[in-house]
Amino acid sequence: MIVAKRKPFDEIRQLLKGYKKVLNVGCGTCVAVCLAGGEKEVSVLNAELDMAGKLDNTPIEIAGITIERQCDREYLEALDSKVGNYEALLSMACGAGIQFLAERYPQIPVLPAVDTTFIGVNQAVGWYEERCRSCSSCVLGHTGGICPVTMCAKGLYNGPCGGTNKGSCEIDTNQPCAWYMIYERLKGQGRLDCILEISPPNDWQNQIPRTVIQPGYSKPEAAAK
Amino acid sequence: MKSGSNLEKILKAGHFAFTGELGPPRGTGAEEVRHKASFLKGNVDAVNITDNQTAVVRMSSWAASLIVLQEGLEPNYQMVCRDRNRLAMQSDILGAYTLGIRNMLCLSGDHQKFGDHPQAKGVFDIDSMQLIGMVKKMRDEGKFLGGTEILNPPQIFIGAAANPFADPFEWRVHRLAKKIASGVDFVQTQCIYNMEKFRAFIKQANDMGLTEKVYILAGVTPMKSVGMAKYMKSKVPGMDVPDDIIKRLQGVDKTKVADEGIKIACEQIEEFKEMKGVAGVHLMAIEWEHKVPEIAERAKVLPRPVID
Ligand code: SF4
Ligand code: SF4
């Protein structure tokens, strides 16, 4: 899932400065699971904003709504009849959701309340770790299911570098060396031949905005407009 | 001859090579570089010019390399993958070769987190393995990585690093084999203190036939003090300093520690001269350049061979 964390409160207040009537839009998918921007987080943030506004005499009328997915037109539609009543929208969705919201209502300022952080896993409640940088050419098949792009501090395709230190990465003894893990796992599987081959320079595909159209589908004419 | 560099000639002729290291200044001005070079000239076959070593900004490696070249010393131009993408790398290589640089050392580079700009975005567009292959392609195929032809391709003697001590030990020799397959001509190792482990590494490399395909220069850094030895042991990732070394340094009179460090280094060098598979020594006497003449003398590697 996509993991985000709430922006510092002061930064959110700074972004909202001057707006008196705001709708805070949460998202019920990834950011809800990682406890950053679901229904509960929307109401907590709204209560804090309300309180802070009252305390320093800059009252703000802030409402909240959480839709199933902000990155999906189908669910955004539910906001069409509401947004006109507000001077600005605050969004607690990931960066994609925030942009989709802004795209749908181009006349209204849309402000981010979270910092979108990574694609990661749920290690335990409240504890998430990054696992993928969405490089568009997945190499997990020959790296033992461990991503060198994300997990190696240098994103090396032919590791480990000379800094590996008793299994940890040179940047931090608490950070396992990705390539050490890759080696250990492949060794355990008897598949070290996977990394004997030189991995050629990567064909970076994440340097321009990417589009995916699945086989059998096409860009609907209506959406293009 | 691949490049016709002095280092290549020395190694090809079967001489025991002796190379040095020089860190460019943290500012402008050629004087510091010239001053350091004065101690190395005539005592080493080539000198590595570090590239923003430990991720600290310094005068660019190619610029300091050119100053060294003017001093009549052969530079070994280091390039790390941390600071440049493939376009910048290739254009720097063209410029460096055009102005007389003939050796390169291809490295991944220390992570930016260690340096004076920990906020920097690390580039790592390609890694050291791929950089080796890119320089080889430029040289042997006369093509850029992208495939287009190069006008007067650069003839570079290609170097890389190897750390026989980093984990996993069993993989290190395979990684060396990968660098050879990528096209490396010579390899400089991490500073060696654990001789036993190094002997095991070289034996593996000999057994796999790797030492026939690449010149290995054993890395030597004399210990200046007990503090340095302890620091290297505990703080420098991928460094293997056995307790024996620390004990030996502690065992001598305080005023003699540096001398003992040089003594240990010289003993190592004597062993390397006889060790099958070792083609020379790379002396990293960082910020101790003025000691190089003495070390070279005591290690009995002088005079350096001159080959036309
Ligand atoms: S290689 Fe890594 S970054 Fe690329 S898609 Fe696979 S997991 Fe994601
Ligand atoms: S120590 Fe391991 S994880 Fe860290 S940069 Fe080197 S290869 Fe990558």
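Just so we're on the same page: letters track the sequence lines, and every chain starts at 1.
- Within the 4.5 angstrom heavy-atom criterion, no atom of B:L107 approaches chain A.
- A 6.0 Å sphere centred on CD of B:E196 holds no more than 12 heavy atoms belonging to other residues, nucleotides or ligands.
- Within 6.0 Å of NZ on A:K5 lie no more than 12 heavy atoms contributed by other residues, nucleotides or ligands.
- In the displayed structure, A:E130 atom CD is contacted under 6.0 Å by more than 12 heavy atoms of other residues, nucleotides or ligands.
- Looking at A:K154 and B:R82, their side chains never come closer than 4.5 Å, going by heavy atoms from C-beta outward.
- Both the backbone and the side chain of B:D125 come within contact range of chain A, with heavy atoms under 4.5 Å apart.
- Annotation: ring-ring contact (aromatic ring centres under 6.0 Å, His included) contacts involving residues 170-199 of chain A, sequence neighbours excluded, comprise A:Y183-B:W171.
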After noting the C-alpha distance and the side-chain angles of B:D167 and A:C177, does the key distance pass the side chain to side chain contact (heavy atoms under 4.5 Å, CB included) rule? CA-CA 10 Å; B:D167 299 315; A:C177 165; over 6 Å; no
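- A:K166 contributes atom NZ, which lies 8.0 Å from atom CG of B:D240 (distance to the nearest 0.5 angstrom).
- In this structure a side-chain-to-backbone donor-acceptor pair under 3.5 Å is present from B:R175 to A:N158.
- The heavy-atom pair separating B:R86 from A:N202 by the smallest distance is NH2-O, 2.7 Å.
- What you find for A:C161 and B:A166 is that their closest heavy atoms are O-CB, 4.5 Å.
- One finds the OG atom of A:S199 at 7.5 Å from the CG atom of B:D127 (value rounded to the nearest 0.5 Å).
- Residue-environment remark: CZ (B:F169) exceeds the threshold of 12 foreign heavy atoms within 6.0 Å.
- Annotation for A:N165 and B:G238: closest pair OD1-N, 3.7 Å, computed over non-hydrogen atoms.
- Here the CG atom belonging to A:L156 is positioned 8.0 Å from the SG atom belonging to B:C81, to the nearest 0.5 angstrom.
- Using a 4.5 Å cut-off on side-chain heavy atoms (C-beta onward), B:L145 and A:P201 make contact.
- Within the 4.5 angstrom heavy-atom criterion, only side-chain atoms of B:N163, from C-beta onward, approach chain A.
- When the candidates B:P164, B:S182, B:G133 are compared by the number of heavy-atom contacts under 4.5 Å with chain A, B:S182 comes out ahead.
- Using a 4.0 Å cut-off between charged nitrogen and carboxylate oxygen, B:E170 and A:K187 count as a salt-bridge pair.
- Residues B:R172 and A:T164 are in side-chain contact: their nearest non-hydrogen atoms beyond the backbone lie under 4.5 Å apart.
- Judged as a ring pair (Phe, Tyr, Trp, His ring centres under 6.0 Å), and not counting sequence neighbours, A:Y128 has no contacts.
- Proximity to chain B involves both the backbone and the side chain of A:P160, based on heavy atoms less than 4.5 angstrom apart.
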Evaluate the criterion salt bridge (Lys or Arg N to Asp or Glu O under 4.0 Å) for residue pair B:K113 and A:E170; output intermediate values, then yes/no. CA-CA 10 Å; B:K113 190 188 166 216; A:E170 67 174 33; over 6 Å; no
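- Residue A:I198 comes nearest to B:M129 through the heavy atom pair CG2-CG, 4.0 Å, listed as atom of the first residue, atom of the second, then distance.
- Residue B:K233 qualifies as enclosed at atom NZ: its count of foreign heavy atoms under 6.0 Å is above 12.
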